[in-house]
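Working notes, beginning with the structure itself.
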Amino acid sequence: MELRTPVQYLKGIGPKRAEDLSTRSIITVEDLLYNLPYRYEDRSHFKQVKELRPGERTSILVEVLTSGLIITRKSRLRIFDLAARDASGLVRCKWFHSEYLDKKRIFHPGQKVIFFGKFEIDPYGTGNLQVINPEFEILDDESLQGGSLEMGRIVPVYEAIKGCSSRVLRRIMHHVLQELPPLPESLPEPVVSRLHLSDLRLAFQEAHFPPASVTMEELNAARSSGLRRLIFEEFFFLEVGMALKRRKQRSAPGIPFETGLHVREALKKILPFHPTAAQKRVLKEIVEDLCRPVPMNRLLQGDVGSGKTIVALEAATVAIENGCQAGFLAPTEILAEQHFFNTQRIFARTGYRVALLKSGLKKAERQELLERLASGGIQLLIGTHAVLEADVGFRKLGLVIIDEQHRFGVMQRLNMMKKGAWPHTLVMTATPIPRTLAMTLYGDLDVSVIDELPPCRIPIATRNLSETERLSAYQFIRDQVRQGRQAYVVCPLVEESEKMDLRAAQETYEQLSRKIFPDLRLGLLHGRLKSVEKEEVMARFAANELQILVATTVVEVGVDVPNASTMMIEHAERFGLAQLHQLRGRIGRGNSQSSCLLMHGKKLTDDAEARLQCLLETTNGFKIAEKDLEIRGPGEFFGTKQSGLPALRAANLIRDREVLELARGEALNYVEHPPSDREFQHLLEHLKSNWQRRYGLAAVG
Ligand code: ADP
Ligand code: MG
């Protein structure tokens with residue numbers, strides 16, 4: 001057996017089970033070993049039922065008394081209900097939507113079972129503790145005996161895979177580890193010995209079956225020596241890959257721009273206001289990059305409303321004055337149109353030729369635009385994903401700007417860059433990313449931060465409202481409109497269905513314009529409208545011809561109408577935190593007090609409540625992002641695929657930040673001072689064959 005042996009050939013795994021495992025991309029022994037426990041359970045000591053505190057997440061060992069399906073009288077809910085006890089007391093377990101428990105007759109009186117979950121006081125007054133949808137593991141005689149894999153020690157708990165319970169996986173893993181021969185060292189020897197890293201085989205052994213010397217605290221924090229080795233290795237190769245990529249980019253020939261008098265004159269012409277100190281600082285950083293003979297790769301980070309657009313247009317001005325073209329990519333049509341509209345105003349005194357490219361243009365119109373672009377007749381092209389199409393070619397693309405970078409993938413950024421010969425690149429995002437994450441996600445980018453809002457912004461007042469307060473919310477909007485202000489009403493997000501989003505928005509629009517605000521002028525904006533229709537609605541709203549804009553989340557990014565000071569968000573509990581922050585960023589842009597009304601349904605999950613609470617407490621994007629990370633975890637936060645976040649197997653970017661820093665330092669050091677050419681080549685081979693595809697480095701390297 002070796003790491004590449006297909007699991008199918010292992011004892012206890014036939015073709016059927018191999019198929020099940022493959023649904024989780026477990027094909028080889030190595031994949032299996034990297035399927036680490038998602039938690040550990042200390043089965044050398046269980047809490048007694050009477051020791052449990054309400055709200056505690058833990059596991060208990062109890063004996064089943066009775067179980068069966070019950071149907072609630074009022075709402076006809078089908079609940080599988082189980083009563084169990086240990087020597088100290090009684091608990092109830094309840095499962096919703098789990099009729100298989102009944103059908104398959106899983107539980108019997110007298111069984112010994114471990115339940116894991118959050119224990120709460122039973123709301124129906126028995127005073128007993130109950131746990132909803134607990135995880136469970138039924139113990140048989142064999143496992144109850146001491147010295148087994150399942151009892152009397154810290155035990156790994158795996159996420160169940162179709163056809164393989166945690167318990168089955170534990171047995172397979174145990175078998176594999178027994179048969180596994182010593183493994184060759186893949187990390188550089190000096191690094192291993194200096195950092196006292198465990199041997200790889202031992203690391204796997206300890207990560208799956210921790211020895212008695214390891215504590216639960218160490219395991220939960222991923223500090224045990226076994227886990228640490230696996231995490232370090234993963235980060236090390238990731239960072240080596242990043243370093244090589246960066247080196248390649250830094251050695252490419254760029255177009256050094258000049259900033260003579262004419263450039264400074266042009267910059268003066270376009271500024272509609274005094275830039276903030278932060279805007280000045282980041283512009284300086286950008287201009288310094290632009291003047292260097294290597295391509296700029298810079299990320300501009302700034303909270304919603306911090307004024308990134310003007311900085312981008314200043315950079316475009318430098319490019320255009322240097323005889324180059326600039327391309328400006330925005331994730332939605334509404335945003336691209338708005339940038340186009342604003343840019344024409346801002347560039348009015350310069351005479352630059354600006355064009356907008358979006359999908360759905362007439363054939364002749366598009367053709368004419370592409371010709372002007374190819375001949376250099378267009379100096380700044382603003383557009384949506386349509387710009388990425390193969391037949392869109394520039395004469396001399398010198399600067400790529402990507403707005404709301406988190407909406408684009410790594411590949412899209414690279415495709416855009418390929419439309420020129422090593423153009424300078426500026427990507428912008430309002431998603432504040434902790435430093436360690438930025439290093440990993442954007443390891444090839446330098447980072448500039450706008451950490452200041454334009455002057456005279458009044459903090460937005462946010463309120464959390466339930467259904468009973470709806471009428472007063474409407475009254476509030478009416479008062480605002482009477483004072484000449486405008487409002488957004490954002491409609492509920494219906495999961496994964498644009499059609500349903502649309503219907504909800506239409507219904508709300510009709511209800512509001514007929515019954516609630518028949519005397520006011522309302523508009524409806526959603527993703528399915530034709531371009532011209534969207535344009536018209538946005539233009540009328542911007543001109544205050546429409547007083548209330550009912551919209552789906554299409555208004556989320558970039559929309560900028562400073563006179564709109566109220567936002568009512570329906571079913572705010574259905575939105576993500578980052579999204580709510582972006583939405584709320586549409587108001588508070590003028591010089592009057594703005595209000596955000598978060599309407600929410602009756603029953604809120606713990607997470608939803610935490611999200612709404614967080615919005616009440618702060619408008620600071622960094623704090624909100626941190627909370628979001630905490631609630632959701634980094635994978636979801638960045639939408640793994642979209643952001644190009646590598647699929648890590650052992651490591652966790654948030655939990656293991658320190659190891660990441662360490663690995664990064666070691667990786668940089670190694671790449672700069674490899675011990676010998678031969679060893680370096682060897683490491684590169686290993687990187688290529690084992691890690692490149694996994695990290696998406698092949699695509700970008
Ligand atoms: P974001 O960083 O979210 O893209 P924008 O570039 O859209 O923010 O700017 C938000 C609003 O603030 C715009 O209306 C813009 O004109 C205005 N703005 C930006 N910088 C300043 C400034 N220095 N002084 C006054 N208003 C500014
Ligand atoms: Mg913006």
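Model, not experiment: these values are computed from the prediction. Both ligands and their constituent atoms are indexed starting at 1 by order of listing.
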So for atom CG, which belongs to D607, do other residues, nucleotides or ligands contribute more than 12 heavy atoms lying within a distance under 6.0 Å? yes

Tell me the nearest of R589, Q338, K308 to atom 7 (O) of ligand 1, using heavy-atom distances. R589

Polar contacts were defined as any N/O atom of the residue lying under 3.5 Å from an N/O atom of the ligand; does this apply to I310 and ligand 1? no

Using non-hydrogen atoms of the residue, decide whether P275 is closer than 4.0 angstrom to ligand 1. yes

If only side-chain N and O atoms count, and only distance matters, is there a donor-acceptor pair under 3.5 Å linking S472 with E469? no

Out of all atoms in ligand 1, which are within 4.0 Å of some heavy atom of T276? Include the element for each. 23 (N)

Measure up the F517 and Y474 rings against each other and bin them: parallel (under 30°), tilted (30 to 60°), perpendicular (over 60°). perpendicular

Rounded to the nearest 0.5 Å, what separation is found between the NZ atom of K308 and the OG1 atom of T429? 7.0 Å

Under a 4.0 angstrom heavy-atom cut-off, which atoms of ligand 1 come close to H274? 22 (C), 23 (N), 24 (N)

So for G302, does at least one of its heavy atoms come nearer than 4.0 angstrom to any atom of ligand 1? no

For P454, take its heavy atoms, then give the atoms of ligand 1 lying under 4.0 Å from any of them. 18 (N), 19 (C), 20 (N), 21 (C), 22 (C), 24 (N), 25 (C), 26 (N), 27 (C)

Can you see whether T619 engages R584 through a side-chain donor-acceptor pair at a distance of less than 3.5 angstrom? no

Using a 4.0 Å cutoff against the non-hydrogen atoms of T309, which atoms of ligand 1 qualify? 4 (O), 5 (P), 6 (O), 7 (O)

May I ask you to check whether E609 and Q613 show a side-chain donor-acceptor distance below 3.5 Å? no

Any side-chain heavy-atom pair from F575 and H581 closer than 4.5 angstrom? no

Taking both backbone and side-chain atoms of P562, is any N or O found less than 3.5 Å from an N or O belonging to ligand 1? no

Are side-chain N/O atoms of E573 and H571 paired as donor and acceptor at under 3.5 Å? yes

Using a strict 4.0 Å cut-off to heavy atoms of V304, name the atoms of ligand 1 that fall inside it. 3 (O)

Suppose I only count heavy atoms of S306 and a 4.0 Å limit; which atoms of ligand 1 are within that range? 2 (O), 8 (O)

Min heavy-atom dist R457 to ligand 1 below 4.0 Å: yes

